[in-house]
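Let me begin by presenting the structure, written as structure tokens, before commenting on it.
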Amino acid sequence: MIFDVTPLKDALVVTLPAPTDNRGLFVKTFHDTTLKAAGIDFDLKESYFSISKKDVIRGMHFQTPPYHHSKIVFCPQGAILDVIVDLRKESATYGQFFAHELSQKNHKALYIPEGFAHGFKALSEDAMTYYLVSSEHNKAHDMGIKFDSIGMDWDVENPVISERDLSFIKLNEFKSPF
Ligand SMILES: Cc1cn([C@H]2C[C@H](O)[C@@H](COP(=O)(O)OP(=O)(O)O[C@H]3O[C@@H](C)C(=O)[C@@H](O)[C@H]3O)O2)c(=O)[nH]c1=O
């Protein structure tokens, strides 16, 4: 695994090892010792994936304390533009966003620390977004901020987005608990 810093404090782009041979490809998505050596003490509690049509936007989601969590996100099928926002009030990069393409081809993952909102845009049909999460889902603490309030140009004319995601508060009206 190769870890690259991002403009947002503590968030990392992870290049997953992806050796190929005459049968195809093998991708390592989680390795506790390697993560710990990179300073990531990740207590895996839940894993799930979604499949999205092209131009679907999901986000920007997080769980509030005490059910806040970190995530490792990757895209084993198709491609997504993954987006995070730093919601930690004391962070030097509070309120800033970062976007990075994750795809079946580039084997990149994003390490998203606690205190970040997460979302993405599907760049392909049948884009799979695969999550490793450090706490279990808690419906009452599952919240979000509105995707189009974070200062990013999503570059999509007719995004497909859920009613819940459209109902979220804007970033500049949000009182961060982080
Ligand atoms: C997130 C989640 C949802 N659900 C349920 C609730 C609902 O019936 C259905 C779909 O939920 P959502 O609409 O929230 O799915 P989705 O919009 O794909 O939610 C995901 O979005 C991205 C951006 C993230 O960062 C993820 O952590 C997660 O919040 O699945 C669970 O049972 N467990 C979970 O952990």
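We count ligands from 1, going down the list as the structure has it; atoms in each ligand are counted the same way. Only heavy atoms go into these numbers, but all of them, side chains included; no hydrogens, no water, no symmetry mates. The structure displayed is predicted, hence computed values, not measured ones.
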>> Can you report which non-hydrogen protein atom sits closest to atom 13 (O) of ligand 1, along with the distance?
In response: Arg164 NE, 4.7 Å

> Distance only, no hydrogens: is a donor on one side chain within 3.5 Å (strictly under) of an acceptor on the other, for Asp142 and His61?
Replying inline: no

>> Under 4.0 Å and counting heavy atoms only, is there anything from the protein next to atom 31 (C) of ligand 1?
In response: yes

> Would Asp55 and Lys53 pass as an ion pair if we require N to O under 4.0 Å?
Replying inline: no

> Is the closest protein non-hydrogen atom to atom 11 (O) of ligand 1 under 4.0 Å?
Replying inline: no

> To which protein heavy atom is atom 15 (O) of ligand 1 closest, and what is the distance rounded to 0.1 Å?
Replying inline: Arg58 NH1, 4.1 Å

> Can you find an N or O of His137 that's nearer than 3.5 Å to an N or O of ligand 1?
Replying inline: yes

> Under the 4.0 Å line, does any protein heavy atom show up next to atom 27 (O) of ligand 1?
Replying inline: yes

> Looking only at protein heavy atoms, which one is nearest to atom 23 (C) of ligand 1, and how far off is it?
Replying inline: His118 O, 3.3 Å

> How far is atom 17 (O) of ligand 1 from its nearest protein heavy atom, and which residue and atom is that?
Replying inline: His61 CE1, 3.1 Å

>> Looking at Phe147, is its backbone amide N or carbonyl O close enough to the side chain of Trp154 to form a donor-acceptor pair, meaning the two atoms are under 3.5 Å apart?
In response: yes

> Can you check whether Asp142 has an N/O within less than 3.5 Å of an N/O in ligand 1?
Replying inline: no

> When you look for heavy atoms under 4.0 Å from ligand 1, do you find them on the side chain of Tyr48, its backbone, both, or neither?
Replying inline: side chain

> Which of the atoms in ligand 1, numbered in the order shown and given with their element, are less than 4.0 Å from a heavy-atom of Gly119?
Replying inline: 23 (C)

>> If the threshold is 4.0 Å, N to carboxylate O, is there a salt bridge linking Lys36 and Asp41?
In response: yes

> Which heavy atom of the protein is the closest neighbour of atom 22 (C) of ligand 1, given with residue, atom name and distance?
Replying inline: Tyr131 OH, 3.0 Å

>> Below a 4.0 angstrom heavy-atom separation, can you tell me which part of Glu46, side chain or backbone, both or neither, approaches ligand 1?
In response: side chain

> Does the side chain of Phe62 come within less than 4.5 Å of Met143's, by heavy atoms?
Replying inline: yes

> Donor-acceptor pair, Lys146 side chain versus Asp165 backbone, under 3.5 Å?
Replying inline: no

> Among Val83, Ile80, Ile84, whose side chain to side chain contact (heavy atoms under 4.5 Å, CB included) with Leu110 holds?
Replying inline: Ile84

>> My question is simple, although I want it checked carefully: is atom 20 (C) of ligand 1 less than 4.0 angstrom from any protein heavy atom?
In response: yes

> What atoms in ligand 1 come closer than 4.0 Å to a heavy atom of Lys71?
Replying inline: 24 (C), 25 (O), 26 (C), 27 (O)

>> Please tell me if atom 6 (C) of ligand 1 is touched by the protein, where touching means a protein heavy-atom distance below 4.0 Å.
In response: no

>> Checking Arg88 against Asp10 for the salt bridge (Lys or Arg N to Asp or Glu O under 4.0 Å) test, could you report, in this order, the C-alpha distance in whole Å, the side-chain angles of both residues, the deciding distance, and whether it holds?
In response: CA-CA 11 Å; Arg88 302 167 301 173; Asp10 306 319; 2.7 Å; yes

> Side chains of Lys9 and Ser91: donor-acceptor distance under 3.5 Å anywhere?
Replying inline: no

>> For Asp82, is there an ion pair with Lys71 - N to carboxylate O distance below 4.0 angstrom?
In response: no

